[in-house]
Amino acid sequence: MSAKIIDGVAIAKAVREEWKHRADKLKVRGILPGLAVVIVGDNPASSMYVRNKIKACHEVGLHSEVHDMPEDVTEEMVLRQVEELNSNPKIHGILVQLPLPKHIDANKIIEAISVEKDVDGLHLYNLGALVTGNQVFPPCTPYGVMCLLEHMNIPVEGQHAIVVGRSNIVGKPMALMLLQKNATVSICTSKTRDLKQHTLQADILIVAAGKPKLITANMIKDGAVVIDVGINRLDDGSLAGDVDFQGVKEKAGYITPVPGGVGPMTIAMLVANTISAAERISR
Ligand code: NAD
């Protein structure tokens, strides 16, 4: 059996179009949703992600601005920038592109973002809201994965979902969102003994480890749904996920490619959260 390829590019386009209608309704009322992105230093991967986020905002007709700060900027200056954006009425969503240089405490910066503008969903309040099932701004990547499953009509309730990776950005919120939809959820980490023994049980396998080809065909069960969140730059300059796509696609029921799977969804959900933030403020 060859897996159905989940086309993240097409689904992300449909999601952006759906949210564009909501943005257009706000515009009629004189409200232009706005996103501010703060980027520190010149990490090429971060710069590319930010460019793609701004491009998506333009496509949907949102206001967007980028605040570029040099690598040696102080924590105080980043905090001041965030505070300025917190009180800027043109800005409904603030995203601080991660990773930040080591001398800046990323948690401190994220906690400084106004909860109402935390469209990346990483503030303690928003992560806590996920725990209680009252999500406000779901973190964009796991939100994008849930949206992919929904668009493909893949049932979650009662399924055994295995999440590989437990970061605050992907793994942990992913597990909570699956749990909220009544999946039976297990989380594996780099310390998990015998990863394969766990992944073989997954009806839905979500991999966010940052390790190319971590998951091979012999580690999944026939017909499993395999969602590859990983983005790894290989020595030859190409991009690869955490899943051995060629091998696994012959055994899985569904699979996301890299690139063109989860990545475009992350950006679409950022657009969605920004429009949702503007809707909340204007209620
Ligand atoms: P992270 O480094 O913060 O976390 C990685 C997690 O994977 C850790 O919890 C670690 O315990 C686990 N892990 C590492 N090696 C493992 C192994 N051999 N077996 C089991 N678990 C293992 O990374 P992150 O920020 O969560 O990102 C993970 C990957 O997803 C990266 O490749 C990143 O680039 C990618 N990513 C993609 C998107 C997107 O939009 N597609 C968004 C965010 C992150």
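Positions are given from 1, in the same order as the sequence printed here.
Using a 4.5 Å heavy-atom cutoff, the side chains of V115 and N126 are in contact. Residues S167 and P173 fail the side-chain proximity criterion, which asks for heavy atoms closer than 4.5 Å. Side-chain contact between P139 and L130: present, with at least one pair of heavy atoms (C-beta onward) separated by less than 4.5 Å. With contacts defined as side-chain heavy-atom distances shorter than 4.5 Å, the pair V164/L214 qualifies. Two residues are said to be in side-chain contact when any heavy atoms from C-beta on lie closer than 4.5 Å; S47 and I39 meet this criterion. A heavy-atom distance below 4.5 Å is not found between the side chains of I255 and K4. Residues V262 and D228 fail the side-chain proximity criterion, which asks for heavy atoms closer than 4.5 Å. L35 is not listed as a side-chain neighbour of L62, based on a closest heavy-atom distance of 4.5 Å or more.
Using a cut-off of 4.0 Å between Lys/Arg side-chain N and Asp/Glu carboxylate O, E59 and R16 are scored as salt-bridged.
Shown here for V38 and Q81, the closest heavy-atom pair between the two residues is CG2-CG, 4.1 Å. Nearest heavy atom pair, residue L124 against residue E111, reads N-OE1, 3.1 Å. Taking every heavy atom of both residues into account, S64 and H58 meet most closely at OG-NE2, 3.7 Å. Among all heavy-atom pairs drawn from K27 and G61, the shortest one is NZ-O, 3.0 Å. Scanning both residues, Q246 and E250, for their nearest heavy atoms gives O-CG, 3.7 Å. The two residues L127 and N168 come nearest to each other via the heavy atoms CD2-O, 4.2 Å.
Here the side chain of N232 pairs a donor or acceptor atom with the backbone of A240 at under 3.5 angstrom. At distances below 3.5 Å, at least one donor-acceptor pair connects side-chain atoms of D242 with backbone N or O atoms of G210. Judged by distance alone, with hydrogens and angles left aside, the side-chain atoms of N88 form a donor-acceptor pair with the main-chain N or O of K90 at under 3.5 Å. A donor-acceptor pair is defined here as one N or O able to donate and one able to accept, closer than 3.5 Å; such a pair exists between the side chain of T274 and the backbone of L270. Using a distance-only test at 3.5 Å, with no hydrogens or angles considered, a donor-acceptor pair links the side chain of N86 to the main chain of A112. For K117 (side chain) and I91 (main-chain N/O), a donor-acceptor pair under 3.5 Å exists by modelled atom type.
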- Query: Given the rule in the side-chain hydrogen bond (donor to acceptor under 3.5 Å, both in side chains) test, do E116 and S114 qualify, once you have shown the distances and angles that lead to the verdict?
  - Reply: CA-CA 5 Å; E116 290 78 26; S114 155; 3.0 Å; yes

- Message: Under the criterion side-chain contact (heavy atoms from CB on, under 4.5 Å), I'd like the reasoning laid out for I206 against L178: C-alpha separation, chi angles, the key distance, then a yes or no.
- Response: CA-CA 10 Å; I206 298 184; L178 289 161; 3.9 Å; yes

- Task: Go through Q201 and K221 one step at a time and tell me if the side-chain contact (heavy atoms from CB on, under 4.5 Å) criterion holds.
- Result: CA-CA 7 Å; Q201 295 174 39; K221 76 174 173 193; 5.9 Å; no

- Just do the side-chain hydrogen bond (donor to acceptor under 3.5 Å, both in side chains) check on S186 and H160 with the steps written out, would you? CA-CA 8 Å; S186 310; H160 192 176; 2.9 Å; yes

- Go through the steps for I6 and I11 under the test side-chain contact (heavy atoms from CB on, under 4.5 Å), then give the verdict. CA-CA 8 Å; I6 302 179; I11 298 174; 4.0 Å; yes

- side-chain contact (heavy atoms from CB on, under 4.5 Å) evaluation trace for M69 with V78: CA-CA 8 Å; M69 307 189 88; V78 181; 4.1 Å; yes

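Taken from CG in D120 to SG in C140, the straight-line distance is 5.0 Å, to the nearest 0.5 Å. Atom CG of N43 is separated from atom CE of M48 by 10.0 Å, given to the nearest 0.5 angstrom. How far CD1 of I94 is from CG of L85: 5.0 Å, rounded to the nearest 0.5 Å. I109 contributes atom CD1, which lies 12.0 Å from atom NE2 of H123 (distance to the nearest 0.5 angstrom). Taken from NE2 in H92 to CD1 in I281, the straight-line distance is 5.0 Å, to the nearest 0.5 Å. A distance of 8.5 Å separates OH of Y49 from CD of Q97, quoted to the nearest 0.5 Å.
Environment of CG in D235: sparse, with no more than 12 heavy atoms of neighbouring residues, nucleotides or ligands closer than 6.0 Å. E150 CD: 12 or fewer foreign heavy atoms inside a 6.0 Å radius. Heavy atoms of other residues, nucleotides or ligands lying less than 6.0 angstrom from CE of M152 number more than 12. Crowding of D42 atom CG: a count of heavy atoms from other residues, nucleotides or ligands under 6.0 Å not exceeding 12. Within 6.0 Å of NZ in K181 there are 12 or fewer heavy atoms belonging to other residues, nucleotides or ligands.
The only option from K108, R80, K102 that meets the salt bridge (Lys or Arg N to Asp or Glu O under 4.0 Å) definition with E75 turns out to be K108.
V119 and L122 fall into different hydrophobic clusters, where Ile, Leu, Val, Met, Phe, Trp and Tyr residues are linked whenever their side-chain heavy atoms come under 4.5 Å apart, directly or through other members. Cluster annotation: M177 and I267 are assigned to distinct hydrophobic clusters (Ile/Leu/Val/Met/Phe/Trp/Tyr, side-chain heavy-atom contacts under 4.5 Å, transitive). The same ILVMFWY cluster, assembled from side-chain heavy atoms under 4.5 Å apart, contains both V229 and L148. Hydrophobic clustering, with ILVMFWY side chains joined whenever heavy atoms are under 4.5 angstrom apart, keeps I104 apart from V66. Under the 4.5 Å side-chain heavy-atom criterion for ILVMFWY residues, no single connected hydrophobic cluster contains both I113 and V37.
Taking the centre and axis of the six-membered ring of W19, the NZ or CZ atom of R22 falls inside the cone set by 45° and 6.0 Å.
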